[in-house]
Amino acid sequence: MRSLKPLPRFMQGMAAAAVVTATTLSAPAMAAAHDARSATGTHQAQPGSGTFQECRGVTVDKSAPVVSRAAVLIDAPLKTVWKLHTDIDAWSSWIPEITPAKKKTPGPLRPGSVFDWSPQNMKVTSTVTAVEQGRCTAWAAPVNGIDGVHLFTFKQVRGGVLATTEESWAGAPVEADIPGSQAALDAGLDDWVNRLKSTAEAKSGCTGR
């Protein structure tokens with residue numbers, strides 16, 4: 001069995017890339033409003049006892065030992081945020097740590113679309129499981145004994161777009177270091193949504209408003 005010592009560093013890269021984007025925000029309106037008010041940075045939570053997001057019925061693994069959530073309010077048009085999130089071939093312009101990243105399936109992102117990406121120089125192949133145009137995506141990234149499920153949701157709210165992501169990790173490497181895995185995933189999701197925010201706002205000229 002390979003050493004688990006470098007796992008947290010690898011998992012931080014995984015957190016930035018095992019992407020299941022879900023735009024149907026199924027949390028109650030009150031929770032969404034709270035996230036929008038508090039998302040000057042990001043909001044993180046382990047939603048084990050709360051409501052999970054979903055994208056056309058797809059959710060994270062609710063029974064996984066590690067589940068994380070991060071959200072941010074983005075002052076940019078939804079179409080800008082959505083294009084950045086789904087244009088996988090252009091990820092290198094704003095998330096170089098997980099590239100090269102390239103779609104293997106031509107056309108727009110849809111269920112069954114396959115793409116390759118390389119967190120921490122490890123090649124991962126992901127298959128999209130759900131997409132709702134302009135609202136959500138979901139995909140999984142099994143690698144080295146880790147089963148990752150990652151959702152993103154996007155919701156138009158006062159002040160911009162509330163971008164929320166949830167991800168679950170399961171598998172023997174995760175079980176071997178749950179606290180370290182949780183910390184790495186929290187940090188990775190936080191970094192991902194903040195990069196999405198800063199890039200989208202810069203592209204739309206909304207920074208500093």
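On a predicted model such as this, the values are computed, not experimentally measured, just so you know.
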Task: Minimum side-chain heavy-atom gap Val131-Cys55 below 4.5 Å - done: no
Task: side chain to side chain donor-acceptor pair (under 3.5 Å) partners of Thr105, counting only residues at least two apart - done: none
Open item on the list: Main chain of Leu185, side chain of Glu167: is a donor-acceptor contact present, judged purely on distance under 3.5 Å?
Closed with: no
Open item on the list: Has Asp89 got a side-chain atom pairing as donor or acceptor with Lys103's backbone, closer than 3.5 angstrom?
Closed with: yes
Task: Nearest-0.5 Å distance, CG of residue Asp186 to CG of residue Asp191 - done: 12.5 Å
Open item on the list: Nearest 0.5 Å, please: how far is CG in Leu196 from CD1 in Ile95?
Closed with: 7.5 Å
- [ ] Of all the heavy-atom pairs spanning Leu78 and Gly134, show the shortest one and how long it is.
- [x] CD2-O, 3.5 Å
Task: Heavy-atom closest contact (Lys104 atom, Pro106 atom, distance) - done: O-CD, 3.7 Å
Task: Co-membership, hydrophobic cluster, residues Val114 and Val143, 4.5 Å side-chain - done: no
Task: Partner residues of Asp116 under the side chain to side chain donor-acceptor pair (under 3.5 Å) criterion, sequence neighbours left out - done: Thr125
TODO: Using atom types as modelled and distance alone, determine if a side-chain donor or acceptor of Ser126 lies under 3.5 Å from a backbone N or O of Ala140.
DONE: yes
Open item on the list: With rounding to the nearest 0.5 angstrom, report the NZ to CD distance, Lys155 to Gln53.
Closed with: 11.0 Å
Task: Euclidean distance, Lys102 NZ relative to Ser118 OG, rounded to 0.5 Å - done: 12.5 Å
TODO: Considering non-hydrogen atoms only, spot the tightest contact between Ser204 and Asp75 and give its length.
DONE: OG-O, 3.8 Å
TODO: Go through the steps for Leu189 and Arg69 under the test side-chain contact (heavy atoms from CB on, under 4.5 Å), then give the verdict.
DONE: CA-CA 7 Å; Leu189 294 190; Arg69 175 190 294 154; 5.8 Å; no
- [ ] Ignoring hydrogens and angles, tell me if any N or O in the side chain of Gln182 forms a donor-acceptor pair with the backbone of Val67 under 3.5 Å.
- [x] yes
TODO: Identify the heavy atoms of Trp91 and Leu84 that sit nearest to each other, and give their distance.
DONE: NE1-O, 3.5 Å
TODO: Drop me the distance from Thr165's OG1 to Phe154's CZ, to the nearest 0.5 angstrom.
DONE: 8.0 Å
Task: Main-chain N/O of Arg195 paired with Ser198 side-chain donor or acceptor, under 3.5 Å - done: yes
Open item on the list: Show the nearest heavy-atom pair for residues Ala200 and Ala76, with the distance to one decimal.
Closed with: O-CB, 3.7 Å
Task: Short side-chain to backbone donor-acceptor contact, Ser168 and Asp61, under 3.5 Å - done: yes
Open item on the list: Nearest 0.5 Å, please: how far is CG in Asn194 from CD1 in Ile74?
Closed with: 9.0 Å
Task: Shortest non-hydrogen contact from Ala70 toward Asp190 - done: CB-N, 4.1 Å
TODO: Go through the steps for Trp117 and Ile88 under the test side-chain contact (heavy atoms from CB on, under 4.5 Å), then give the verdict.
DONE: CA-CA 9 Å; Trp117 46 273; Ile88 294 170; 5.9 Å; no
